[in-house]
Structure formats: structure tokens, C-alpha cells
Amino acid sequence: MLEWRSKDFVGLPRDAAQQIIVTAWDEKNRTYQYNIVAYHAPMELWYGGPGILVTEDEVQYWAKIPGPPEPTVDPDD
């Protein structure tokens with residue numbers, strides 16, 4: 001389950017190795033839009049592939065995405 005946070009209370013994470021999911025309210029369609037993004041420090045923006053660029057002003061709520069589980073070690077290998 002994702003733990004949603006508001007940038008107004010806790011800010012935004014800026015760990016370049018971490019992906020987050022962000023939401024923005026789409027007033028026209030009355031729904032939230034979701035994008036998975038990662039922070040690119042040199043350009044001071046969040047990106048998530050071709051065409052997905054998000055400025056911090058556009059981020060309202062965010063949640064960390066859990067990374068893949070650690071691989072298990074087989075003692076027989």
C-alpha cells in the first residue's frame with residue numbers, strides 16, 4: 001500500500017536512486033493524473049521517460065514506490 005504524502009507538509013524526496021509516483025489534479029476531467037518519476041538533480045526536475053517532465057510546482061502529493069525485493073542467497077551456490 002502506498003503511503004501518500006503532501007509536499008506542503010513533508011516536502012519532496014530528492015534521492016536520485018528513488019522513484020516516486022506523483023499526482024496532479026486534472027480539473028477538466030475531475031480526476032487525478034499519475035506519473036512515475038525520478039529526480040534529475042542537474043536539471044532540477046522530475047522525469048519519467050519521453051514526454052513526462054514534472055516541475056515541483058506541479059507535484060501536489062507523492063508516494064515512494066517500493067523497490068524490488070532483495071534476491072535470496074542460495075547457500076548451495
Side-chain angles (χ1 to χ4, degrees):
M1 181 167 224
L2 295 175
E3 184 178 339
W4 289 103
R5 300 183 179 271
S6 167
K7 75 169 182 182
D8 294 333
F9 295 105
V10 293
L12 291 169
R14 287 182 178 80
D15 180 353
Q18 173 177 274
Q19 286 189 324
I20 64 168
I21 185 167
V22 298
T23 68
W25 179 249
D26 181 348
E27 186 65 40
K28 180 181 175 185
N29 296 314
R30 310 283 303 159
T31 60
Y32 281 103
Q33 295 180 337
Y34 297 87
N35 284 313
I36 297 173
V37 297
Y39 187 63
H40 183 64
M43 295 180 70
E44 297 182 348
L45 55 77
W46 296 84
Y47 72 97
I52 301 177
L53 301 176
V54 180
T55 64
E56 292 197 355
D57 289 342
E58 296 171 306
V59 177
Q60 298 170 11
Y61 301 97
W62 58 270
K64 293 180 187 177
I65 299 175
E70 292 291 324
T72 56
V73 178
D74 187 348
D76 295 330
D77 282 348

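Any value given below was found using the heavy atoms of this structure, including those in side chains, with hydrogens, waters and symmetry copies removed.
- Across Ser6 and Trp62, no two heavy atoms sit closer than the pair C-NE1, 4.4 Å.
- Partners of Tyr61 by ring-ring contact (aromatic ring centres under 6.0 Å, His included), not counting sequence neighbours: none found.
- For the salt bridge (Lys or Arg N to Asp or Glu O under 4.0 Å) condition, the pairs that include at least one residue of residues 19-28, sequence neighbours left out, are Glu27-Arg30.
- Qualifying side-chain contact (heavy atoms from CB on, under 4.5 Å) partners for Tyr47, counting only residues two or more places apart in sequence or in other chains: His40, Leu45, Leu53.
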